[in-house]
Chemist: 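Next up is a structure, given as structure tokens.
In this text the structure is predicted, and so the values were computed from the model without any measurement.
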Amino acid sequence: MGEKIKRTHHCGSLTLENTGDDVVLAGWVQTRRDLGGLIFVDLRDRSGMVQVVFSPEYNRQAFEKASEIRSEFVLAVKGRVFKRPEENVNPKIPTGEIEVFADELEILNTAKTPPFPIEDDIKVDESLRLKYRYLDLRRPSMLHNMTFRHKVNKAIRDFLDENGFIEIETPMLTRSTPEGARDFLVPSRLNPGTFYALPQSPQLFKQILMVAGIERYYQITRCFRDEDLRADRQPEFTQLDIEMSFVDVDDVISLNERLIKYVVERTTGRTVEIPFRRITYGEAMEIYGSDKPDTRFGLEMVDVTDIALKTEFKVFSEAARSGGKVKGINIKNSAGLFSRRQIDELVEKAKEFGAKGLAWISLSSEGIKSPIAKFFAREVMEELLERMGAQPGDFLVFVADSDPRLVVTSMGQLRLHLGRHLNLIDKNALNFLWVVEFPLLEWDEEEQRYVAMHHPFTSPMDEDLDLLEEDPGRVRAKAYDLVLNGTELGGGSIRIHRTELQERMFKVLGFTQERAWNNFGFLLRAFEYGTPPHGGIAYGLDRMIMLLLGLNSIRDCIAFPKTQNAACLMTEAPAQVEPRQLKELHIQVTI
RNA sequence: GGCCCAGUAGUUCAGUUGGUUUAGAACGCCAGCCUGUCACGCUGGAGGCCGAGGGUUCGAGUCCCUUCUGGGUCGCCA
């Protein structure tokens, strides 16, 4: 901007109180309305928009120059603020009561016609928005998302700073470790044939920081996982990573409740009640069929396996007898909603979700309608209806299978489908929920061994320690996930801090001592030098911001996101490199 | 890796069982006119390798195959 013309005010900040002020504005041209003898320009900067008037009577020179103006030109305008006459007030914009008469115009830059309009609620293909992301980010809603994200980051830092945490950066170039997601690898030029891995999370470093006596650490940092993308998943994403020493599960949970309350109330103005509800993993699976239940609606699952044993209906009784389960959901007051055809569709859905079938009982005004009723003795049916809390008008669905896990997971998905389909979800609710007491290990069919459900450094619960060798699958962990509206926001655990327990853990995971030291030697060595009890949590920050903003995709709160093919449409990364670069790295491309 | 959806002016879309001229509309863009517009208005104009390649056919935007791109989802994501 030239010497003589320097910004004094922001477009969106002008009000009636500025009437009569001489101002200099700078910004982009939202629209130009050329009436021939009078030109209106809506000038936009980060703060908002204001109408600038170019009139030959006010300043002929500026007026004549204004005919060159086009959309998205960058202008500096010197002028005076006037109150608009009553009939010219525009109630649709915040600055609609005033306008700026221009007496000097400087065109700081011209612009090509943008490929899509710079305004909210545009219908345009997302790939075009991503290619021209700098234009997309000019749209007020995207600017708002970026600003909100900044506020969340700031609130997090304010709270954690006040609570004695220090932010420490950990390396981006680190070593690949087994288990977990696929790593992004970076070749080392100075050490031919070796590779760094980009961190999947700062997990090991933050534990070492506890050994280092930091006591309270946090970091807002990028993490990398080379897995397929989703609406809520990018290959590079941001974590809020926290670790604390001398704490147990309750300490971590209560600090994090205060953190979440602080951040959400600060950034959204909404009220958050703490403590959050807690539910064990076992309960979550039995009642909701999910380890991240959406508790904004009911449709809770009821176990009727014992009743199923008493029926003539083979699907039920045999599932029950062979170690399986039978579970039902009572969809209250909905018998009238399910026509024969809609029932068929629901059965199809259940099959999509893995169930072998779906039994149903409709309690309409004409009495019980159900293809399975004939297999039930009167008193067994009564017991079933009572267990289900069934009233006239209710519609009951049941899934039975000899595989109990299949029953709960398929029904859990069916529950979500019904919740959405029947519009039972309160879109304004913020239902925070802790899921605790996760299994420490799960059996991996492919590898024929136990693998850590969280990670190999997660501490078992004290009362389950004795089961570690004899029945590893039953050991519960000091692990917790924070769930918001059916989405996992973050998770963490109390870690193992004693060498002998860590060695038992590796043994159960099938690691020889040699392999454990090969992969995690640096951590195990650190643990030998006085490791305090410690634990922490990590949040998916993109996801948290997406949910708080009510977005459908994390791409809308990431400035430069990747597509489903993990490409950046703006920079066209990834791309081929010069043969010389590959040679320096001793890398040969074989495709 | 599997399944599903979508690719036609700059943008958003329409385009009939495959068939009539030169593939349309709206918005945007360009030009002219217009002194109170704010979705400015009026008149006129430019703008298309119908994602790409192959096939079927007398004839393909339309049917078939392959492929690319974008999106959703399952697998995957300690």
Chemist: When you compare B:rA9 with B:rG48, how far apart are their P atoms, in angstrom units rounded to a whole number?
Modeler: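 It comes out at 10 Å once rounded to the nearest Å.
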Chemist: Could you state the atom-to-atom distance from CD of A:Gln564 to P of B:rA6 in whole Å?
Modeler: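 Nearest whole value for this atom pair: 16 Å.
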Chemist: Does this structure show an ion pair linking A:Arg341 with A:Asp344, if we count only N-O contacts that are shorter than 4.0 Å?
Modeler: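 No.
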Chemist: In whole Å, measure the gap between the P atoms of B:rA25 and B:rA46 for me.
Modeler: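 Each nucleotide's P atom is 12 Å from the other's.
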Chemist: Considering non-hydrogen atoms only, spot the tightest contact between A:Arg515 and A:Pro178 and give its length.
Modeler: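 Minimum heavy-atom separation between A:Arg515 and A:Pro178: NH2-CB, 3.9 Å.
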Chemist: Checking A:Asp45 against A:Ser47: is there a side-chain donor and acceptor pair closer than 3.5 Å?
Modeler: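 Looking only at side-chain atoms, A:Asp45 and A:Ser47 do form a donor-acceptor pair, the distance falling under 3.5 Å.
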Chemist: Is a donor-acceptor contact shorter than 3.5 angstrom present between the side chain of A:Glu99 and the base of B:rG36?
Modeler: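 Donor-acceptor pair under 3.5 Å: yes.
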Chemist: Of all of residues 82-97 of chain A, which get a heavy atom below 4.0 angstrom from RNA chain B, listed by number?
Modeler: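 Going residue by residue through residues 82-97 of chain A, the ones with a heavy atom under 4.0 Å of RNA chain B turn out to be A:Arg84, A:Asn88, A:Asn90, A:Lys92.
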Chemist: What is the distance from CG of A:Leu135 to P of B:rG28, rounded to the nearest Å?
Modeler: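 So the CG-P distance, A:Leu135 to B:rG28, works out to 18 Å.
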Chemist: Say we look at B:rA14 and B:rU57: how far apart would their C1' atoms be, to the nearest angstrom?
Modeler: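 To the nearest whole Å, 26 Å.
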Chemist: Hey, does A:Val124 reach any base, or is it just sugar-phosphate, or nothing, if we go heavy atoms under 4.0 Å?
Modeler: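 A:Val124: backbone/sugar contact only, no base atoms under 4.0 Å.
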Chemist: Roughly how many Å is it from CG in A:Asp121 to C1' in B:rA39, rounded to a whole number?
Modeler: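 Taking CG of A:Asp121 and C1' of B:rA39, I get 14 Å after rounding.
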Chemist: On a whole-Å scale, what distance lies between the C1' atoms belonging to B:rG47 and B:rA23?
Modeler: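 One C1' to the other, the span is 14 Å.
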Chemist: Measure NZ/A:Lys123 against P/B:rA26 and give the value in whole Å, please.
Modeler: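 So the two atoms are 17 Å apart, to the nearest Å.
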Chemist: For residues 113-125 of chain A, pull every pair meeting salt bridge (Lys or Arg N to Asp or Glu O under 4.0 Å), keeping only residues two or more places apart or in separate chains.
Modeler: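 Applying salt bridge (Lys or Arg N to Asp or Glu O under 4.0 Å) to every pair that reaches into residues 113-125 of chain A, excluding sequence neighbours, yields nothing.
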Chemist: With sequence neighbours left out, what residues match A:Arg33 under side chain to side chain donor-acceptor pair (under 3.5 Å)?
Modeler: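 With neighbours one apart ignored, the set is A:Thr31, A:Asp42, A:Gln51.
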Chemist: If we call it a pair only when both distances are under 3.5 Å in a Watson-Crick or G-U wobble match, what pairs with B:rA6?
Modeler: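 Pairing partner: B:rU69.
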Chemist: Distance between the C1' atoms of B:rG41 and B:rC27, in whole angstroms?
Modeler: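 These two C1' atoms come out 16 Å apart once rounded.
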Chemist: Just the rounded figure in Å: distance from P of B:rC3 to CZ of A:Phe353.
Modeler: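 Spelled out: CZ on A:Phe353 to P on B:rC3 is 19 Å.
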Chemist: Check for me whether A:Arg420 meets the cation-pi criterion with A:Phe297, that is, NZ or CZ under 6.0 Å from the six-membered ring centre and within 45 degrees of the ring axis.
Modeler: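 Relative to the ring axis of A:Phe297, which defines the angle, A:Arg420 lies outside at least one limit.
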Chemist: By nearest heavy atom, map A:Ala567 and A:Phe116 onto RNA chain B; which one lands nearer the 5' end?
Modeler: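 Final value for this comparison: A:Phe116.
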Chemist: Taking salt bridge (Lys or Arg N to Asp or Glu O under 4.0 Å) as the cut-off, I'd like each qualifying pair that reaches into residues 92-103 of chain A, sequence neighbours left out, listed once.
Modeler: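 Sorted pair list: A:Arg84-A:Glu99.
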Chemist: Which of residues 501-513 of chain A have a heavy atom under 4.0 Å from RNA chain B?
Modeler: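 By residue number: none to list.
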Chemist: Classify A:Phe520 by what it touches in the nucleic acid, base, sugar-phosphate, or nothing, heavy-atom distance under 4.0 Å.
Modeler: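 Answer is nothing: A:Phe520 stays at 4.0 Å or more from every strand.
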Chemist: Does A:Lys349 reach the side chain of A:Gln413, with side-chain heavy atoms less than 4.5 Å apart?
Modeler: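 When only atoms from C-beta onward are counted, A:Gln413 and A:Lys349 do not touch, as no gap falls below 4.5 Å.
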Chemist: Kindly write out the residues that satisfy ring-ring contact (aromatic ring centres under 6.0 Å, His included) with A:Phe457, not counting sequence neighbours, or none if the list is empty.
Modeler: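 Testing A:Phe457 for ring-ring contact (aromatic ring centres under 6.0 Å, His included), a comparison that skips the adjacent residues, returns A:His455, A:Phe520.
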Chemist: Which of these passes side-chain contact (heavy atoms from CB on, under 4.5 Å) with A:Val475: A:Leu467, A:Leu465, A:Val508?
Modeler: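 Testing A:Val475 for a side-chain contact (heavy atoms from CB on, under 4.5 Å) against A:Leu467, A:Leu465, A:Val508 leaves exactly one candidate, A:Leu467.
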Chemist: Using a 4.0 Å heavy-atom cut-off, does A:Ser201 contact any base of the nucleic acid, only the sugar-phosphate backbone, or nothing at all?
Modeler: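 Base contact - A:Ser201 has a heavy atom under 4.0 Å of at least one base atom.
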Chemist: Can a salt bridge be assigned to the pair A:Glu64 and A:Arg60 using a cut-off of 4.0 Å between side-chain N and carboxylate O?
Modeler: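 Salt bridge flag = yes for A:Arg60 with A:Glu64.
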Chemist: Could you check whether the side chain of A:Arg225 and the base of B:rC77 have a donor-acceptor pair of N or O atoms closer than 3.5 Å, going by distance alone?
Modeler: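 When only heavy-atom distances are counted, A:Arg225 does not reach the base of B:rC77 through any donor-acceptor pair under 3.5 Å.
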Chemist: For atom C1', what is the distance between B:rC40 and B:rC3, given to the nearest Å?
Modeler: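 Pairwise C1' distance, B:rC40 against B:rC3, rounds to 50 Å.
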Chemist: So for A:Arg230 and B:rG75, does any side-chain atom that can act as donor or acceptor lie under 3.5 Å from a complementary atom in the base?
Modeler: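 It does, because a donor-acceptor pair links the side chain of A:Arg230 to the base of B:rG75 below 3.5 Å.
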Chemist: Check A:Ala452 against A:Leu509 and note the closest heavy-atom contact, atom names and distance.
Modeler: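 Scanning both residues, the minimum pair turns out to be N-CD2, 3.5 Å.
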Chemist: Compute whether any side-chain donor of one residue and acceptor of the other, for A:Ser493 and A:Arg495, lie under 3.5 angstrom apart.
Modeler: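 Note: A:Ser493 and A:Arg495 side chains meet the donor-acceptor criterion.
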Chemist: Rounding to an integer number of angstrom, what distance separates B:rU11 and B:rG53 when you compare their C1' atoms?
Modeler: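 Looking at atom C1' only, B:rU11 and B:rG53 are 27 Å apart.
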Chemist: Short of 4.0 Å, heavy atom to strand atom, which residues of residues 32-70 of chain A count as contacting RNA chain B?
Modeler: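 RNA chain B contact set from residues 32-70 of chain A: A:Arg33, A:Asp34, A:Leu35, A:Gly36, A:Gly37, A:Leu38, A:Phe40, A:Gln51, A:Pro56, A:Glu57, A:Arg70.
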Chemist: Provide, to the nearest angstrom, the distance between the CZ atom belonging to A:Arg139 and the P atom belonging to B:rU11.
Modeler: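 About 16 Å, once rounded to whole Å.
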Chemist: Does A:Gln203 reach a base, just sugar-phosphate, or nothing at all? Heavy atoms under 4.0 Å.
Modeler: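 Base contact.
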Chemist: RNA chain B: A:Ser553 or A:Phe101, which has the more 5' nearest nucleotide?
Modeler: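 Whichever sits nearer the 5' end wins; that is A:Phe101.
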Chemist: Measure from CD on A:Glu227 to P on B:rC74 and round the result to the nearest Å.
Modeler: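 Interatomic distance, CD of A:Glu227 to P of B:rC74: 14 Å.
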Chemist: Looking only at the side chains, is there a donor atom on one of A:Asn256 and A:Tyr480 sitting less than 3.5 Å from an acceptor on the other?
Modeler: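 Their side chains do not contain a donor-acceptor pair, so the 3.5 Å distance test is not met.
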Chemist: Without placing hydrogens or testing angles, list every side-chain donor-acceptor pair under 3.5 Å for residues 567-577 of chain A, not counting sequence neighbours.
Modeler:
| from | atom 1 | to | atom 2 | distance (Å) |
| --- | --- | --- | --- | --- |
| A:Thr571 | OG1 | A:Ala573 | N | 3.3 |

Chemist: Would you name the heavy atoms of A:Ala66 and A:Phe54 that are closest together and state the gap between them?
Modeler: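 Minimum heavy-atom separation between A:Ala66 and A:Phe54: CB-CG, 3.5 Å.
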Chemist: Just jot down the ring-ring contact (aromatic ring centres under 6.0 Å, His included) partners of A:Trp443, sequence neighbours excluded, or say none.
Modeler: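 For A:Trp443, the residues satisfying ring-ring contact (aromatic ring centres under 6.0 Å, His included) (neighbours in sequence not counted) are A:Tyr450.
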Chemist: Measure all distances between protein nitrogen or oxygen atoms and nitrogen or oxygen atoms of nucleotides 50-53 of chain B, and list the pairs falling under 3.5 Å.
Modeler:
none

Chemist: Is the NZ or CZ atom of A:Arg70 both under 6.0 Å from the centre of the six-membered ring of A:Phe73 and within 45° of that ring's axis?
Modeler: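 No.
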Chemist: Check if the side chain of A:Asp228 and the base of B:rG75 share a donor-acceptor pair of N or O atoms closer than 3.5 Å.
Modeler: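 It does, because a donor-acceptor pair links the side chain of A:Asp228 to the base of B:rG75 below 3.5 Å.
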Chemist: Looking at residues at least two apart in the chain, or sitting in another chain, which of them share a ring-ring contact (aromatic ring centres under 6.0 Å, His included) with A:His10?
Modeler: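 Once residues adjacent in sequence are excluded, A:His10 has no partner under the ring-ring contact (aromatic ring centres under 6.0 Å, His included) criterion.
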Chemist: Distance check needed: B:rG70 C1' versus A:Arg133 CZ, whole Å only.
Modeler: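 Interatomic distance, CZ of A:Arg133 to C1' of B:rG70: 14 Å.
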Chemist: For nucleotides 67-69 of chain B, give me every protein contact, N/O to N/O, under 3.5 Å, one pair per line with atom names.
Modeler:
none

Chemist: Taking atom C1' in both B:rC38 and B:rU21, compute the distance separating them and give it to the nearest angstrom.
Modeler: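 These two C1' atoms come out 44 Å apart once rounded.
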